Each structure stands twice: as structure tokens, then as C-alpha cells.
Protein chains: 2
Amino acid sequence: MIRLPVRPRRERAESYDVRIGRGLAPRLTVDLRKRKVARRYIIVTDDHLRAKIGAPLQAAFRRRGLAADLISFPAGEGSKSRRVRDAIEDRILALGAGRDSALVALGGGVVGDLTGFVAATYCRGIPYIQVPTSLIAMVDSSIGGKTGINHAAGKNLIGAFHNPIAVYIDVDHLKALPPRHFISGMAEVVKCGVIADAVLFHALEAYLDRVLRREPEILARVIEACVRIKVRVVNRDPRESGVRKILNFGHTIGHALETLSGFRLTHGEAIGIGMAAEARIAARTGLLSDAAAERIIRLTARCGLPTAIPPSLSPAAILEVARRDKKTRQGRIAYALPKRIGAMAHRAGDYGIPVEDSLVAGVLQGPRKPR
Amino acid sequence: MIRLPVRPRRERAESYDVRIGRGLAPRLTVDLRKRKVARRYIIVTDDHLRAKIGAPLQAAFRRRGLAADLISFPAGEGSKSRRVRDAIEDRILALGAGRDSALVALGGGVVGDLTGFVAATYCRGIPYIQVPTSLIAMVDSSIGGKTGINHAAGKNLIGAFHNPIAVYIDVDHLKALPPRHFISGMAEVVKCGVIADAVLFHALEAYLDRVLRREPEILARVIEACVRIKVRVVNRDPRESGVRKILNFGHTIGHALETLSGFRLTHGEAIGIGMAAEARIAARTGLLSDAAAERIIRLTARCGLPTAIPPSLSPAAILEVARRDKKTRQGRIAYALPKRIGAMAHRAGDYGIPVEDSLVAGVLQGPRKPR
């Protein structure tokens with residue numbers, strides 16, 4: 001037998017910058033022109049955003065002499081589907097996009113995940129730029145290169161790691177965000193405080209009213225704090241083999257709820273309930289104090305997020321979906337659990353803590369919304 | 001404006017070994033058991049191979065105590081489609097595959113490309129092993145991490161770079177290969193000689209009869225020579241930004257012919273015609289001597305491969321599809337062209353040589369199969 005080793009030369013690291021500010025469209029187009037990222041751009045957005053912010057961004061590209069098309073698909077989590085993915089591929093193919101093209105994901109998490117995934121597999125990978133317009137996309141999903149679509153069996157089951165070449169967070173986009181979506185984003189903001197930043201958590205407790213009133217100055221500082229956490233975590237663990245798992249706080253139960261609700265719960269709402277449940281799980285296993293768990297639940301509720309399991313969903317059903325979702329250790333589902341506000345529990349560096357189904361079922365059975 | 005740089009820690013290089021030998025199934029299962037690659041394996045093959053080699057390999061896995069399922073799809077290039085990709089995803093999901101699972105691509109280029117692509121985007125990437133059974137897959141497609149499916153508009157338009165974790169080339173599989181597929185594989189073998197190995201090319205000219213009779217000893221040496229070339233090239237250029245383009249000799253015209261024929265031409269047949277055409281293009285542009293071009297065409301024909309453009313395909317149609325296919329330089333299609341047998345032309349390190357459509361159309365119009 002002959003053995004021939006394949007040792008591919010290392011690629012240059014996939015570095016990119018996240019920019020946070022106000023009125024960033026001119027900055028974006030100047031940067032792209034200077035960097036010569038692509039010969040043509042296709043801005044991908046959803047039908048709600050198309051006229052109000054898609055068309056103006058396309059105009060800004062064209063004024064700068066950049067070739068830019070604009071396409072859109074129906075808004076909502078339901079579009080993270082094979083059908084819409086295929087449709088976007090067909091559209092950009094019909095527009096003549098090739099390896100010389102780049103996509104611009106203009107929208108919330110759905111637009112970013114879907115556009116990033118199309119970019120990941122179009123001609124074996126083309127560049128894309130994240131321009132998040134929702135709070136959740138700004139503080140979480142636009143950074144870190146996770147892309148994908150959903151499957152009836154679970155969220156993001158089909159996807160790829162594909163880093164954007166740049167992220168432009170324009171806080172002004174938040175002005176127009178519908179209240180329900182803004183509140184959803186607050187779930188990821190609270191999560192950032194819990195997993196890595198006690199100061200942020202305390203600040204949210206103290207100034208939540210001003211944040212919820214969307215005062216631009218305090219909002220920009222909150223977003224910056226969240227982005228710093230996300231960047232630090234993905235820099236240390238780009239492929240979620242270790243510390244990146246802390247970002248899943250609230251997401252193991254949350255994703256299952258989101259799936260089971262048929263996406264009638266928004267991502268943030270599901271994560272709100274998931275954080276409350278997982279804080280209780282952490283307390284029940286003795287990792288977290290009861291007082292800290294209550295503070296997490298109280299802050300989540302003050303944001304306007306739900307914290308109780310919908311009565312129509314049984315613990316068994318939730319556990320079944322969570323089990324399929326990716327994180328198991330010898331059959332036990334692994335959770336990202338806080339040991340105190342601002343720090344996550346780990347065992348020998350592994351932040352996925354396996355917990356018995358019976359304990360989790362007890363927590364899920366407990367505090368429920370009255371029918 | 002705040003700028004936060006994302007500098008993901010470098011991943012370990014994606015290294016793997018290619019093994020060439022006879023009767024490698026025991027070796028494969030021992031290695032996987034030792035390396036603890038996954039907790040469960042799903043062998044993916046096509047309907048033609050399922051009973052004869054799929055089931056025995058599954059049995060070998062199970063004898064070694066490895067959990068292994070076996071799934072298959074219809075044989076043929078038509079299966080490199082969205083429909084079959086989705087069906088495989090649904091099947092492995094139904095089998096309960098998760099991040100702890102690995103796929104085994106057992107078959108020719110179609111099985112490898114499709115299985116590798118499913119692995120690339122399942123749970124954002126799971127491991128897979130290449131066990132090529134066709135000559136073309138052994139010398140070319142199983143190595144280098146190119147995966148993907150076709151689109152009505154062109155070959156491999158949707159795909160990803162995703163390296164296998166190991167390649168096991170068992171020459172014994174070639175015994176059962178239908179003659180048409182074996183001859184198809186010879187196109188990639190001839191290509192290897194042209195692009196990088198004059199000694200191999202001369203050896204093929206001298207011993208072609210013995211190769212075509214599939215004498216195991218000489219076959220193993222020919223395959224080894226080809227794999228060495230492929231490994232050297234992909235090591236230097238994993239993402240096809242430079243020297244890897246030399247592997248596209250015969251493929252710019254060839255892919256277009258394959259697409260336009262509705263895959264009635266096999267990949268190797270299309271590449272045979274493509275190499276003949278591109279050798280003539282290289283001669284016409286003055287890069288290659290007429291004598292060398294004729295030797296390439298003669299050796300290709302002696303393998304039993306077609307070398308003339310099918311009369312039903314017009315030069316304009318071929319150029320239109322080739323233009324969509326990925327390789328253009330300021331509007332001109334770029335070709336990988338030999339400057340002599342064993343060495344490719346480049347301009348300042350760029351192996352994509354732009355050629356005017358009019359010159360190419362002249363070549364394509366020239367030698368055609370009589371109607």
C-alpha cells in the first residue's frame with residue numbers, strides 16, 4: 001500500500017472588520033470601491049425592507065459607480081428554507097453572477113443566514129457583506145460566519161461556516177424596527193450580559209427603560225459591548241469546538257421551542273423562554289444560585305420577553321427536538337449554563353454541560369403560561 | 001464609528017492521507033476505529049454499486065464494531081441535483097445522523113461530489129471519507145475537496161470546498177468497472193501526463209494496451225503517478241486561486257459540451273473532446289507546437305475517447321455555456337493551455353490564459369464528427 005499525505009498550504013486567515021456607527025452607507029460603498037471586493041454586487045433583502053432601505057442602498061452603490069442589483073424574498077423565518085435558497089440561487093444566476101460577484105445581506109438574521117449560506121455554496125463560495133438591520137442581527141447573527149437554513153426537523157440543520165468579508169452595523173436602522181423585533185433582539189443582549197459581562201448586565205438592570213426607548217447613545221454602547229463579546233468568542237473558537245458554545249445559553253431549549261411553535265415564536269421570544277428555563281436548570285443542578293437565576297428571569301421579563309413555556313408544548317416533545325439539535329454527550333443533551341452572572345460553567349474546558357432529561361423535564365413542567 | 005477587527009484563530013490545517021492499494025476495506029475499518037472519527041457512519045453509494053460493493057463494505061464496518069448504515073441513489077450524473085441532495089439529507093436525518101456522524105462516499109465522481117457536498121453543509125459540516133470506485137474518481141475527483149451539484153445553467157455551480165478526512169483508493173474496484181467508464185477515466189489520466197508529467201505521457205504512449213487491459217501492476221503505477229500530481233497541485237493551491245487551474249486543461253470546453261449534451265456524453269468523453277479542442281487552441285495561439293497537439297489528440301483517441309465536436313453543437317452555444325462556467329478575464333474566457341507535453345503555460349503565475357472567442361470558434365468549427 002502507498003500512502004500519500006495531502007497537506008494543503010494554509011490559507012490566509014479569514015479576517016474582517018465589524019464597524020458600528022450611524023449613517024454608514026457612504027462608508028460601505030467607499031470601502032468596497034477601494035478594496036475592489038467584486039466587479040458586481042447583488043443586494044439581498046426581504047420584501048419589507050426592499051423599498052425603504054434596499055432601493056436607497058442600491059442607489060448609493062450606483063452613485064459610487066458600483067454595479068449593483070437588488071433582489072428580495074418574503075420576510076420571516078419561513079424563508080430560511082430550501083425553496084427560498086434555491087430561488088435566490090436561480091435569481092442571481094439569471095442576473096449573471098459568477099465568481100466575480102459579491103452578495104450584500106441587508107436585513108435581519110433571516111436575511112443574513114440565508115444570504116451567507118447562498119454565498120457559501122455559490123461557485124464553491126463567493127464573498128458577502130453583512131449589513132444587519134435588526135438588533136438581533138447586529139449583536140449576534142451577523143458576526144461569526146454561521147450561515148444556514150432550517151429543516152422541518154430543526155433549525156440551521158443545513159448550513160456552513162462562511163465568514164463575511166465585512167460587517168457594517170448602522171444603528172440608525174433600529175429606529176424603524178417594529179417593537180416586537182426590537183424586544184426579540186433584547187434576548188441576545190441579555191444573553192451577552194449573562195454569559196460574559198456582569199457590568200453590561202448591571203447596566204441593563206439600571207438603564208433598561210432608556211434602552212427600550214432606543215436612546216441612540218446608550219443603544220450604541222450596548223451594541224458595542226455585545227459585539228465585543230461575540231468577536232472575542234469567535235476569535236478564540238471559530239468553529240464552535242469549545243468556548244463558542246457559551247453563546248448557546250438559552251438556545252438549546254429555545255431552538256426546540258422555536259421549531260415546535262412553527263416559528264410563531266420569534267427567535268428572541270423563544271430564547272427568552274429558553275434562558276429562563278436554562279437559568280432554572282443551572283440553579284437546579286447547583287451550578288448557579290437561585291438568586292442569580294431569578295435576576296436573569298426578571299431582566300428577561302422586564303424587556304417584554306416571555307419566560308414561561310407555552311402550555312401546548314410537552315417536556316417530552318421539547319426534549320425530543322432538542323436532542324436532534326446537535327448537542328449531546330453520550331445520549332444526554334448538553335447545555336450552556338451560567339455559574340454566575342457574567343461567567344459560564346465548564347468541565348475541563350468543555351462548555352457543553354450534560355444534564356439528565358428528568359431534571360430538565362421537571363423544570364419544563366414547572367412554570368407554564370396558564371392556558 | 002467604532003471598528004472591531006475579527007481575527008479568527010487559525011484552524012489546524014485540513015490534512016489527510018490518500019492510500020492506494022488492493023483490498024483496502026479491512027485497512028479502512030481498522031483506521032476509522034483507531035482514529036475514532038465518528039460514532040456512526042453512513043455509507044452513501046449508487047444503486048448500481050449498492051448490492052455488489054455497498055453491502056459488503058457495510059458488513060465489514062459492522063464486523064469491526066462500527067455502526068454503519070447504507071443508503072443509495074440512482075446512478076448517473078443526473079443525480080448531482082438539488083433533488084437528490086435534498087433526498088440524501090432527508091434520509092440521513094431520518095437515520096438520526098448528527099455532528100457525531102461521518103459519511104463514506106463509495107462510488108465514482110458523482111457519488112463523491114454529491115456525498116462530499118452533503119457532508120459540507122450538514123450541521124455546518126461533518127467528516128466524510130472518499131472510497132472511489134471509478135478510475136476518474138481515483139485519479140481526480142476524490143482528492144482535493146471540491147464538492148458540488150449541477151444546475152441547468154452549468155456544472156458544479158452549487159458546491160463547496162470540503163476536504164475528506166481520508167481517501168482509500170482500492171485498485172481492485174476497477175475490475176468491475178464498465179468499459180465506457182474505464183475509458184472515461186483515461187481522459188483524466190492523459191490530462192495528468194499533459195499538464196505535469198512527460199514521463200507518464202511517454203509511458204502511456206508506450207504501454208497503453210496494457211493499461212487498457214487493466215493489468216493491475218501497471219494500473220496501480222499509473223494511478224499513483226496521477227495522484228501524486230493531483231496531491232502536489234492541491235497542496236500548493238487548495239482553493240484554486242493559482243496553479244490548480246492547470247487541472248482544468250480540457251475542462252473549459254469539456255464542461256460546456258457535457259452540459260450541452262444533457263450529460264449524454266460522460267465527463268471523460270467530454271474532456272477527451274475538450275482536450276483535443278484546447279490542444280488545438282494552444283497550437284493556434286502559438287503556445288504549443290502542432291506536433292505536440294497532435295500527440296495529445298492521438299493518445300486521447302487511442303484510449304477510445306472521442307476527439308471531435310458533436311455536429312449538433314454550434315461554437316456559439318459552446319462558448320456561451322463556457323462563458324457562464326466561471327473562468328473569464330475581462331470578458332474573454334480563460335483556458336488552461338499546455339506549452340509542451342508535461343508543462344502548462346502561464347502569464348506571471350496566472351494559469352488562466354484568455355483567448356479570443358473568434359479563435360476558439362474557428363477551432364470548434366474545424367474538426368467535427370460527420371453528421
Side-chain angles (χ1 to χ4, degrees), chain A residues 1-11 13-22 24 27 82 86 89-90 93 96 98-100 117 120-125 143-148 151 153 156-161 163 167 220 224 227-228 231 234-240 324 326 328, chain B residues 1-11 13-22 24 27 82 86 89-90 93 96 98-100 117 120-125 143-148 151 153 156-161 163 167 220 224 227-228 231 234-240 324 326 328:
Chain A
M1 195 195 65
I2 293 154
R3 190 180 65 86
L4 299 173
V6 183
R7 302 284 177 265
R9 198 174 63 176
R10 280 188 164 202
E11 303 289 308
E14 289 177 330
S15 300
Y16 56 97
D17 289 337
V18 181
R19 289 180 171 78
I20 308 169
R22 301 180 65 175
L24 291 182
R27 181 66 194 237
R82 288 171 171 164
D86 293 352
E89 288 170 354
D90 291 344
L93 204 46
R99 287 202 216 172
D100 60 351
F117 187 43
T121 65
Y122 192 77
C123 296
R124 296 200 188 91
I143 304 155
K146 277 194 182 181
T147 71
H151 187 280
N156 299 317
L157 275 174
I158 312 295
F161 284 99
N163 279 317
V167 182
E224 183 191 337
V227 171
R228 283 190 187 279
V231 167
V234 303
N235 279 355
R236 279 170 63 193
D237 180 14
R239 293 288 170 125
E240 193 167 315
R324 268 200 309 243
K326 285 180 274 189
T328 55
Chain B
M1 195 195 65
I2 293 154
R3 190 180 64 86
L4 299 173
V6 184
R7 304 283 178 267
R9 199 176 60 176
R10 281 188 162 201
E11 303 290 307
E14 291 178 326
S15 300
Y16 56 97
D17 289 337
V18 182
R19 289 180 171 79
I20 308 170
R22 303 181 65 174
L24 292 183
R27 181 68 195 235
R82 288 171 171 166
D86 293 352
E89 288 169 353
D90 290 344
L93 205 47
R99 287 203 217 172
D100 59 351
F117 186 44
T121 65
Y122 192 77
C123 295
R124 296 200 188 93
I143 304 155
K146 277 193 182 181
T147 71
H151 187 280
N156 299 317
L157 274 174
I158 312 296
F161 284 100
N163 280 317
V167 182
E224 184 192 336
V227 170
R228 282 190 189 278
V231 167
V234 303
N235 279 353
R236 279 170 62 194
D237 180 15
R239 293 286 171 125
E240 194 167 317
R324 268 199 311 243
K326 287 179 276 188
T328 54

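Because only heavy atoms are used, hydrogens play no part in the values below, and waters and symmetry mates are left out as well, while side chains stay in. Please read all numbers here as calculations on a predicted model, not as lab measurements. Residue numbering restarts at 1 for every chain, and letters A, B, ... go by the order of the sequence lines.
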Which atoms of Ile158(A) approach chain B - backbone, side chain, both or neither, heavy atom under 4.5 Å: both

Can you tell me how far CE of Met1(A) sits from CG of Leu24(B), rounded to the nearest 0.5 angstrom? 7.0 Å

Looking only at heavy atoms, what is the nearest atom pair of Pro8(B) and Ser15(A), with distance? CD-CA, 4.2 Å

Sequence-distant partners of Asp90(A), salt bridge (Lys or Arg N to Asp or Glu O under 4.0 Å), two or more places apart: Arg82(B)

Interchain contact, Ile2(B) with chain A, by part (heavy-atom threshold 4.5 Å): both

Just give me the residue among Asn163(A), Val234(A), Ile143(A), Leu93(A) that pairs up with chain B most often, heavy atom to heavy atom, under 4.5 Å. Leu93(A)

Shortest non-hydrogen contact between Val231(B) and Pro5(A), atoms and distance: CG1-O, 3.5 Å

Can you tell me how far CZ of Arg99(A) sits from CD of Glu240(B), rounded to the nearest 0.5 angstrom? 5.0 Å

Which portion of Arg228(A) sits near chain B, non-hydrogen atoms under 4.5 angstrom: both

In the structure I gave you, are the side-chain heavy atoms of Asp17(A) and Arg7(B) within less than 4.5 Å of one another anywhere? yes

With sequence neighbours excluded, what pairs up with Arg236(B) under the salt bridge (Lys or Arg N to Asp or Glu O under 4.0 Å) test? none

Using modelled atom types and a 3.5 Å cut-off, is there a donor and acceptor pairing between side-chain atoms of Asn235(A) and backbone atoms of Val6(B)? no

Any side-chain heavy atom of His151(B) sitting closer than 4.5 Å to one from Glu89(A)? no

